[in-house]
Amino acid sequence: MGIYVCGVTPYSDTHIGHLVPAVFWDAIRKYLKYRGYEVRFIQNFTDVDDKIIARANQEGRNASEIAERYVADYLTVLGMMGVEPADRYVKVTQEMEEIIRVIEGLVRKGYAYQAGGDVFYAVEKFPGYGKLSGRTPEELEAGARVEVSPLKRNPLDFALWKGAKPGEPAWDSPWGKGRPGWHIECSAMSLKYLGSRFDMHGGGLDLIFPHHENEIAQSEAYTGEPFARYWVHTGLVTVDGEKMSKSLGNSLAARELIRQWGPEVLKFFLLTNHYRSAFNFSVAELENASRGLARLVRVVEAVQALVDHQVEPARQEVEPAHQVEPAHQGVPGDTGGAGAVAAAGAVGTTEMADLTDLANPADLDNALAEAENEFRAAMDDDFNTALAIASLHDLAREVNRFINAPSFRLTAEVQTRLRKVLRLFGELAGKDGILGILPREAPAGSRDEALVEGLMELILDARRSAKQAKDWSTADRIRDTLKKLGVAVEDTPQGARWRRT
RNA sequence: GGCGGCAUAGCCAAGAGGUAAGGCAGAGGUCUGCAAAACCUCUAUACCCCAGUUCGAAUCUGGGUGCCGCCUCCA
């Protein structure tokens, strides 16, 4: 499966708008791989451009220095976000031959003409012009607000090659020194690396016109074949309800947001929307996202703690004699299924609610299968990550019911099942999973972390003693003080657990 | 001015002809030494408004209103 996504024009710090396609395409790629597709993912850098040149002149540097700096910034930020690098990043400056070849081809076929040192694409020669953005050349002309170059035969024509101006980087070409126009690089590079008809082409919604429209015109005219099969356009970012744009100066720096909220919350916030929707950033919404994500993180942590908890090999399973237990409980290999439900009735319940209290392993298995199916169905339907996350919440509820049920007993067999829960959460949402919204476990190697672990163990041990002596005030004081320090203590049947808040 | 998109509970957000997912916040309950976490129950009998098509519309059509975007660099 070939995918080409328009990356960035590297001339300023990476902002949140850059992260939208990055995050969604990361999830899409990973999902497609999970589904067994072989994915070839190409992303470009338009590293020659008016804005880069302007910035370079402003700083008294080479355009290439500027481009390199911001390419590096972009890639670093993607790394911070846990986005897998593209299979190949392509750059305009490294594909001049190919770009010139395509322009030559367009000239030869009559789709482009030379005017002075420039080469323009002749829009009226391409009958389908406007088909992506749903516009006709007439409409476009009527609405044109830009000053038209006198060299153009038609106001809608756009530059394939721009003759060199003083102080600008330039390359040799059949039309003299110059550089490529915006648009042509994506045609040239996608065709070169993915062939004439690849599967998906992505980019921001704002690129539909003119960028992608022009890509289609160039590519289809050049190859005589249809271009990309599917267009996947990601939505744009607003900040407190206002469009975020360079010209308004309200761009949100990606690094700052990552520092404030962490990559997972940012991803979660984005992925709880459909990729095509507008993403409105505000503190309230990020807080909302943060809390929603916490629910998922908590259940995974709880399961992890249960899996890590030492269980005595076999004995423990039959131990609680004072409890009314289904006779077969804990028999290895028994799924519990109908028998457990029947036994619940036998317990002599007065309330229906008791049925739901049963920690029924079969229910857990069903929930796992269902969650994975729903997740797939959601992603299969136009990569509906919002629905996919809902399936994770459904699973979280089932898992919580299971592990918090009064009849829950932690046995080796139950741990095996719980490991499956962890595996699925990891695969679908883990750091290296499809959505990448669950944080990686704290790096165990760090010295501070080891110290904190040790101290917490000591403190919680002291509290356990206090509780055993029914010294509630001491136990509560420890818990309250820790809470003030940002550590939440929760008592569970397997002992106290703690987490940072 | 031309073109396009969107409008679903207090908030966020799926759903795109068959009777409204999920999360956050809120209320009540269960569990707990008390909490926390979790679970259960409740929280949209006008899905912006008005007409229409249909046995049936949040979903389709027409007309409004409001917001946003594109037409100029942007992801």
Side-chain angles (χ1 to χ4, degrees), chain A residues 5-9 11-12 14-22 24 49-51 54 130 133-136 138-147 182 202-211 233-238 241-248 251 268-269 272-274 276-280 282 284-296 298-299 301-302 351-353 356-357 374 378 381 384-394 396-406 467 470-473 475-476 479-480 483 488-493 496-497 499 501:
Chain A
V5 174
C6 288
V8 301
T9 300
Y11 73 102
S12 66
T14 304
H15 58 71
I16 187 66
H18 294 129
L19 260 34
V20 174
F24 279 98
D49 167 275
D50 291 344
K51 298 172 300 270
S133 53
R135 274 172 272 206
T136 63
E138 293 71 41
E139 288 167 0
L140 287 163
E141 236 173 294
R145 297 194 311 213
V146 209
E147 229 180 289
W182 184 40
L205 222 40
D206 53 342
L207 294 179
I208 292 178
F209 189 90
H211 187 55
H233 288 111
T234 42
L236 304 179
V237 170
T238 57
E242 272 202 9
K243 179 199 179 186
M244 184 185 94
S245 77
K246 305 265 164 79
S247 53
L248 288 176
S251 296
F268 184 83
F269 167 69
T272 49
N273 293 266
H274 185 76
R276 206 179 162 78
S277 50
F279 304 95
N280 184 37
S282 71
E285 297 208 11
L286 287 167
E287 264 167 8
N288 193 355
S290 177
R291 282 184 238 195
L293 175 60
R295 174 178 157 81
L296 258 23
R298 274 197 298 262
V299 70
E301 282 176 353
E351 297 286 323
M352 283 288 288
T356 62
D357 284 344
E374 281 176 9
D381 187 5
N384 192 332
T385 51
L387 239 195
I389 287 174
S391 76
L392 259 26
H393 274 111
D394 289 338
R397 186 177 55 250
E398 294 304 320
V399 172
N400 277 327
R401 281 173 63 153
F402 179 75
I403 64 179
N404 289 302
K467 279 180 69 176
K470 297 209 191 297
D471 178 1
W472 307 125
S473 70
D476 290 351
R479 189 175 61 199
D480 293 345
K483 189 178 180 183
V489 175
E490 294 165 7
D491 292 321
T492 79
R497 266 207 302 272
R499 62 187 161 83
T501 53

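Lettering follows sequence order; numbering is per chain, from 1. Computed from a predicted model, the values in this text were never measured in an experiment.
With B/C40, B/G33, B/A37 as the choices, the nucleotide that has an atom nearest any side-chain atom of A/D491 turns out to be B/G33. Residue A/H393 has its side chain nearest to B/G22 when only B/C39, B/G22, B/C70 are considered. Here the side chain of A/F209 is nearest to one of B/A75, B/A21, B/C71, namely B/C71. Listed nucleotides: B/C73, B/G33, B/A38. Nearest to the side chain of A/W182: B/C73. In this structure, the nucleotide among B/A37, B/C74, B/G22 sitting nearest to the side chain of A/R298 is B/A37. If you check B/A25, B/C71, B/A36 against the side chain of A/E490, the one that comes closest is B/A36.
Checking B/U32 for Watson-Crick or G-U wobble geometry (two distances, each under 3.5 Å) identifies no partner in any strand. Pairing for B/U59 is absent, judged as Watson-Crick or G-U wobble with the two contacts each under 3.5 Å. Nucleotide B/U54: unpaired (no Watson-Crick or G-U wobble partner with both distances less than 3.5 Å).
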Could you write out each protein N or O paired with an N or O of nucleotides 10-15 of chain B at a distance under 3.5 Å?
unit_1: B/A13; atom_1: OP1; unit_2: A/N273; atom_2: OD1; d: 3.3
unit_1: B/A14; atom_1: OP1; unit_2: A/H274; atom_2: N; d: 2.6
unit_1: B/A14; atom_1: O3'; unit_2: A/N384; atom_2: ND2; d: 2.8
unit_1: B/G15; atom_1: OP1; unit_2: A/N384; atom_2: ND2; d: 2.8

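To the nearest 0.5 angstrom, A/L392 atom CG is 12.0 Å from A/R397 atom CZ.
Residue A/R497 places none of its side-chain N or O atoms closer than 4.0 Å to OP1 or OP2 of B/A37. Between A/R397 and the phosphate of B/A38, there is no side-chain N or O to OP1/OP2 separation shorter than 4.0 Å. Note on A/R276: every side-chain N or O is 4.0 Å or more away from OP1 and OP2 of B/G5. Look at A/S251 and you won't find any side-chain N or O under 4.0 angstrom from OP1 or OP2 of B/C74.
Judged as a ring-ring contact (aromatic ring centres under 6.0 Å, His included), and not counting sequence neighbours, A/F209 has no contacts.
At a threshold of 4.0 angstrom between heavy atoms, the contacts of A/V20 with the nucleic acid are absent. If you check every strand for non-hydrogen atoms under 4.0 Å, A/V237 touches a base. Residue contacts shown for A/V299 are absent, as no nucleic acid heavy atom lies under 4.0 Å away. Across all strands, A/G204 comes closer than 4.0 Å only to sugar-phosphate atoms, never to a base (heavy-atom distances). If you check every strand for non-hydrogen atoms under 4.0 Å, A/L207 touches sugar and phosphate atoms only. Residue A/R479 is in base contact, counting any heavy-atom pair closer than 4.0 Å across all strands shown.
B/A9 and B/G5: their P atoms are spaced 22 Å apart (whole Å). Between B/C55 and B/A13, the distance separating the two P atoms is 36 Å to the nearest Å. The same atom, C1', is picked in B/U43 and in B/G2; the two are 45 Å apart, to the nearest Å. The C1' atoms of B/G69 and B/G29 are separated by 47 Å, rounded to the nearest whole Å. Taking the P atom of each, B/A58 and B/A21 are spaced 14 Å apart, rounded to whole Å. B/C48 and B/G66 have their P atoms separated by 16 Å, given to the nearest Å.
Here B/A46 is in the syn range [glycosidic angle within 90° of 0].
Aromatic ring orientation, A/H211 versus A/W182: parallel (interplanar angle below 30°, classes split at 30° and 60°).
Rounded to whole angstrom, the span from the CZ atom of A/R401 across to the C1' atom of B/U30 amounts to 13 Å.
A salt bridge is defined here as a Lys NZ or Arg NE, NH1 or NH2 lying under 4.0 Å from an Asp or Glu carboxylate O, and A/R479 with A/D476 meets this definition. A/E301 has no carboxylate O lying under 4.0 Å from a charged side-chain N of A/R497, or vice versa, which leaves the two without a salt bridge.
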